[in-house]
Engineer: 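Sharing a structure here in structure tokens format.
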Protein chains: 2
Amino acid sequence: MLRLSKLTDYAVVVLTRLAQDGAMPGGRVQTAPGLALATGIAEPTVAKVLKILGQAGLVEGVRGARGGYRLTRPLTAMPLSEVILAFDGPIALTACVDGIAGMCEAEQVCPVRGRWDPVNEAIRNAISGITVADLATPLQTCVPVPALNPIVAE
Amino acid sequence: MLRLSKLTDYAVVVLTRLAQDGAMPGGRVQTAPGLALATGIAEPTVAKVLKILGQAGLVEGVRGARGGYRLTRPLTAMPLSEVILAFDGPIALTACVDGIAGMCEAEQVCPVRGRWDPVNEAIRNAISGITVADLATPLQTCVPVPALNPIVAE
DNA sequence: TTCAAAGCGGACTGGATTGGTCCTATTTAA
DNA sequence: TTAAATAGGACCAATCCAGTCCGCTTTGAA
């Protein structure tokens with residue numbers, strides 16, 4: 001399976017939650033513990049996700065007491081590719097592609113060297129039009145279940 | 001990085017080599033040790049790749065002395081997606097997607113459940129038009145380097 | 001009839017990757 | 001001054017995968 005990191009999945013959940021809570025640019029912030037409660041994801045993991053999202057410029061952290069996180073843009077302006085890039089690195093299918101010339105021991109006889117590029121390009125194009133909002137909106141109608149989950153009970 | 005198995009890469013190399021050697025349907029066969037020499041990939045690994053390709057119906061194994069492998073179809077009729085399917089499983093980005101309902105501990109509050117489907121669909125569409133021949137042909141002009149590689153020397 | 005060459009299937013192991021956690025420092029509102 | 005929160009880094013356990021190695025079966029040729 002073409003796996004991407006589990007953290008990427010969490011990231012979409014967290015971003016969606018931030019949008020639902022109105023943690024938009026100029027708006028109020030939402031804390032990591034609060035997001036952990038709301039999403040059911042363990043708190044340290046949420047913190048890690050937010051850390052990475054912050055480094056990628058997708059969320060903005062406000063330090064100090066009453067601090068928290070908010071989105072830097074609406075989800076409709078946030079390409080999914082940026083989230084994937086932050087957690088999984090550049091979208092490239094094989095090590096052969098990103099490797100430096102000379103790293104591949106079969107380089108001299110390998111008839112496929114560099115040939116995955118069109119595939120990567122095709123995938124990049126396919127994803128390029130998708131924003132985080134596209135993954136979030138259809139299920140916003142989902143009923144919120146605040147405290148039914150054992151792992152969020154503390 | 002969106003990795004797929006290294007074996008998938010090898011598979012394309014091996015398939016390409018089979019085509020170059022004329023190991024086509026009804027044609028002669030090529031042995032695993034021979035392919036190992038020709039590609040510079042270690043023999044046990046080549047054998048493993050061919051095994052999987054055989055189970056996927058992409059190559060046909062001929063057992064016994066003077067046995068070997070040949071393609072079941074020309075590379076132009078071999079979708080890359082079938083190769084990926086054989087080595088990496090179905091093209092689906094997250095565990096959330098293929099997981100059975102109830103496996104996800106955040107299921108009840110997860111607003112993204114099943115939402116990767118359109119992304120997977122987009123990627124499947126992007127790859128659907130690509131055949132193994134598309135990855136092989138442009139570099140068929142590559143000069144063959146028969147015995148320059150230390151790992152093929154025996 | 002025997003032998004050797006080759007595919008077939010499965011099991012095993014070492015290494016790399018990753019998910020998840022924790023600790024400490026820094027910032028800042030009350 | 002204190003407490004709440006982010007920021008950054010280090011660390012550990014578990015998982016996954018590439019690669020190898022067995023034994024078995026098949027089959028053409030001597």
Side-chain angles (χ1 to χ4, degrees), chain A residues 1-11 13-14 18 23 28-37 39-70 72 86-89 94-96 98-99 104-106 151, chain B residues 1-11 13-14 18 23 28-37 39-70 72 86-89 94-96 104-106 151:
Chain A
M1 155 151 31
L2 261 176
R3 280 184 333 170
L4 46 78
S5 163
K6 221 171 179 181
L7 293 184
T8 309
D9 200 11
Y10 293 156
V13 175
V14 168
L18 278 172
R28 64 174 173 282
V29 296
Q30 175 75 309
T31 68
L35 285 167
L37 280 179
T39 60
I41 305 170
E43 202 219 291
T45 304
V46 171
K48 186 175 191 174
V49 168
L50 288 166
K51 227 181 295 180
I52 297 172
L53 286 173
Q55 290 166 347
L58 301 176
V59 304
E60 174 193 18
V62 177
R63 304 184 67 166
R66 297 295 171 95
Y69 293 92
R70 68 180 144 228
T72 57
F87 288 90
D88 299 270
T94 66
C96 224
D98 67 311
C104 176
E105 72 272 2
I151 67 165
Chain B
M1 158 150 30
L2 261 175
R3 282 182 331 170
L4 46 80
S5 163
K6 223 171 179 179
L7 294 183
T8 309
D9 200 10
Y10 294 154
V13 175
V14 168
L18 278 172
R28 66 175 173 282
V29 296
Q30 176 76 310
T31 67
L35 286 168
L37 281 179
T39 59
I41 304 170
E43 202 219 292
T45 303
V46 172
K48 185 175 191 172
V49 167
L50 287 166
K51 224 180 299 178
I52 297 172
L53 286 174
Q55 292 166 346
L58 300 177
V59 303
E60 174 193 20
V62 177
R63 304 183 66 162
R66 298 294 171 96
Y69 293 92
R70 67 178 146 233
T72 57
F87 288 90
D88 299 271
T94 66
C96 222
C104 177
E105 73 272 2
I151 65 165

Engineer: Kindly indicate whether the side chain of K51(B) and the base of dG7(C) share any N or O donor-acceptor pair separated by less than 3.5 Å?
Structural biologist: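 Per atom types, no contact qualifies.
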Engineer: Whole Å only: how far is the CZ atom of R3(B) from the C1' atom of dT17(C)?
Structural biologist: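 To the nearest whole Å, that distance equals 7 Å.
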Engineer: So what does A32(B) touch, heavy atoms closer than 4.0 Å: a base, only the sugar-phosphate, or nothing?
Structural biologist: sugar-phosphate
Engineer: To the nearest Å, how far apart are R28(A) CZ and dA29(C) C1'?
Structural biologist: 19 Å
Engineer: Separation of R70(A) atom CZ from dA5(D) atom P, in whole Å?
Structural biologist: 15 Å
Engineer: If you assign each of R63(A) and T45(A) to its closest nucleotide in DNA chain C, which residue comes earlier from the 5' end?
Structural biologist: T45(A)
Engineer: Where is the tightest heavy-atom contact between A36(B) and A42(B), given as atom of each residue plus distance?
Structural biologist: CB-C, 4.4 Å
Engineer: Could you check how far CD of Q55(B) sits from C1' of dG10(C), rounded to whole Å?
Structural biologist: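 After rounding, the reported distance stands at 10 Å.
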Engineer: How close or far is atom C1' of dC16(D) from atom CG of L4(B), stated in whole angstroms?
Structural biologist: 15 Å
Engineer: Mind calculating the distance between OH (Y69(A)) and C1' (dG8(D)) to the nearest angstrom?
Structural biologist: 10 Å
Engineer: Counting heavy atoms from C-beta on, name the nucleotide in dA4(C), dG20(C), dA18(D) closest to the side chain of K6(A).
Structural biologist: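 Closest of the options to the side chain of K6(A): dG20(C).
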Engineer: Examine distances only and state if a side-chain atom of T72(A) and a backbone atom of L58(A) form a donor-acceptor pair shorter than 3.5 Å.
Structural biologist: yes
Engineer: Atom CD of E43(A) and atom CG of L50(A): how far apart are they, to the nearest 0.5 Å?
Structural biologist: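 Separation between the atoms: 10.0 Å.
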Engineer: Scan G68(B) against the nucleic acid and name what it touches under 4.0 Å (heavy atoms): base, sugar-phosphate only, or nothing.
Structural biologist: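 It contacts sugar-phosphate atoms only.
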Engineer: When you measure from the side-chain N and O atoms of Y10(B) to the phosphate of dA18(D), is any distance below 4.0 Å, counting only OP1 and OP2?
Structural biologist: no
Engineer: Got a second to check how far L7(B)'s CG is from T45(B)'s OG1, nearest 0.5 Å?
Structural biologist: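 If I round to the nearest 0.5 Å, the distance is 7.5 Å.
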Engineer: Just how far, in rounded Å, is P of dG20(C) from CG of D9(A)?
Structural biologist: 11 Å
Engineer: Hey, which of these two, K48(A) or Q30(A), hits DNA chain D nearer its 5' end, going by closest nucleotide?
Structural biologist: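 Going by which nucleotide is closer to the 5' end, it is Q30(A).
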Engineer: Identify whether any heavy atom of E60(B) sits under 4.0 Å from a base atom; if not, whether one sits that close to sugar-phosphate; answer base, sugar-phosphate or nothing.
Structural biologist: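 No contact at all - E60(B) keeps every heavy atom at 4.0 Å or more from the nucleic acid.
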Engineer: Rounded to whole Å, please give me the gap between CD1 in I52(A) and C1' in dT21(C).
Structural biologist: 14 Å
Engineer: Ignoring backbone atoms, establish whether S5(B) has a side-chain N or O less than 4.0 Å from OP1 or OP2 of dA18(D).
Structural biologist: yes
Engineer: Going by heavy atoms in the side chains, are L4(B) and F87(B) under 4.5 Å from each other?
Structural biologist: no
